[in-house]
Amino acid sequence: MVTGCLVIAVDGPAGAGKSSAARGVATKLGLRYLDTGAMYRALTWWLLNQGLDLTDPAVVAAHARRPLIEVGTDPARPAIAVDGLDVSGPIRGRAVSNAVSAVASISEVRAHLVAQQQDILARACAAGEGIVAEGRDIGTVVAPQATVKVFLTASEEARASRRSADLAADPGATPDVTRDENKRRDRADAPQTVMADDAIEVDSTVLSLDEVISLIVRVAGERGFPLAGGGNPGHARPGSHQVPENSMPPSRADTAWLR
Ligand code: DC
């Protein structure tokens with residue numbers, strides 16, 4: 001359990017803009033940054049590389065603890081390695097994207113990676129640093145005590161178009177194929193993608209990246225954390241997690257940044 005330092009949870013479905021928003025907030029506030037999705041992807045990459053049958057939950061569960069997954073927490077240079085090998089490129093490919101939901105749905109996998117994620121959060125806090133963690137279950141499972149919880153959504157159309165743009169270089173990723181793959185992934189990820197009761201729901205379809213970042217930074221400030229430099233609080237203020245209406249920035253359709 002992590003208490004007494006600034007932990008910002010950014011959850012939501014794929015393509016809603018979590019990575020850009022979470023990295024932007026971490027950079028602005030001088031916090032660490034954790035991409036938990038990259039950890040599920042890294043494990044999936046390793047399992048695929050071993051030639052294992054990922055449709056068999058028992059096989060995946062039996063091998064989940066074998067690779068050493070190391071994730072960096074510098075928002076300027078997100079890094080992910082498996083057994084010492086940099087896999088930041090390969091984990092974004094279609095093979096991993098299409099297999100990762102099945103791996104992430106296995107309880108042994110989640111228990112193992114959630115424990116690692118909680119350890120990373122605890123170490124950041126012990127070092128006197130706050131952290132922004134992005135994923136699907138940060139506000140509910142990894143860090144239910146997080147000071148700020150944001151559930152980032154976007155219209156189906158905006159999320160699909162962003163994910164198609166990500167795959168533009170892959171000739172196999174035709175619009176129809178991409179749409180079907182996205183739908184399948186959304187369905188498979190839904191049980192893990194849970195909005196905490198005390199989370200603020202933010203629709204990124206109608207906000208610019210700067211507006212989403214400013215909103216999250218402002219909420220952190222309202223909870224008693226400094227608005228720039230360092231995540232060491234002094235005082236954390238429990239209580240309402242609602243954003244006052246006048247905290248919402250003006251709406252603007254600008255979805256090019258979603259990731
Ligand atoms: O956010 P992403 O697309 O990189 O996530 C990769 C996969 O991992 C996706 O299937 C959702 C899953 N995931 C999860 O189940 N829990 C998390 N905390 C983060 C990601």
Side-chain angles (χ1 to χ4, degrees), residues 2 7-23 33-48 54-55 57 60-61 64 67 69 71-73 78-80 82 87-121 131-144 146 149-154 156 158-160 162-167 170 173 178 180-196 199 204 257-259:
V2 182
V7 175
I8 298 179
V10 180
D11 290 307
K18 296 188 301 291
S19 297
S20 305
R23 283 178 70 183
Y33 161 71
L34 177 63
D35 177 359
T36 59
M39 299 172 74
Y40 288 94
R41 286 173 178 273
L43 175 59
T44 303
W45 175 86
W46 182 87
L47 292 164
L48 285 170
L54 303 199
T55 62
V60 174
I69 295 171
V71 60
T73 59
I80 180 97
V82 177
V87 293
S88 44
I91 64 164
R92 303 291 163 194
R94 242 173 99 216
V96 170
S97 292
N98 287 334
V100 63
S101 300
V103 171
S105 70
I106 294 170
S107 57
E108 287 87 349
V109 167
R110 302 199 71 79
H112 176 52
L113 293 185
V114 165
Q116 275 191 39
Q117 292 154 12
Q118 289 175 331
D119 187 51
I120 292 166
L121 265 53
I131 188 161
V132 185
E134 68 150 293
R136 311 299 172 111
D137 58 345
I138 309 299
T140 49
V141 177
V142 177
K149 298 181 187 177
V150 172
F151 195 83
L152 206 53
T153 61
E156 183 56 43
R159 296 196 300 115
R162 171 67 219 193
R163 285 184 286 173
S164 300
D166 280 347
L167 292 171
D170 186 335
T178 305
D180 287 352
E181 288 177 355
N182 288 345
K183 275 192 185 159
R184 203 164 353 105
R185 285 186 57 201
D186 274 354
R187 261 198 309 274
D189 288 335
Q192 284 77 245
T193 310
V194 184
M195 183 169 116
S204 62
W257 61 276
L258 297 181
R259 174 157 179 248

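Hydrogens, waters and symmetry mates are skipped; everything else that's a heavy atom, side chains included, is used. Every number for a ligand or one of its atoms is a count from 1 in the order of the listing.
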Less than 3.5 Å apart, any donor N or O on the side chain of H112 or E108 sitting next to an acceptor on the other? no
Near ligand 1, which protein residues have a heavy atom under 4.0 Å away? T36, G37, Y40, R41, R92, V100, S101, A104, R110, G135, R136, D137, R185, D189, Q192
Looking at R159 and D189, does any basic side-chain N land under 4.0 Å from a carboxylate oxygen? no
Taking C-beta and beyond as the side chain, do L43 and I69 meet within less than 4.5 Å on heavy atoms? yes
Residue from Q192, R110, Q117 passing side chain to side chain donor-acceptor pair (under 3.5 Å) with D137: R110
Please answer whether the main-chain N or O of Y33 pairs with a side-chain N or O of T73 as donor and acceptor at a distance below 3.5 Å. no
Minimum heavy-atom separation for G12 and R136, please, with both atom names. O-CD, 3.2 Å
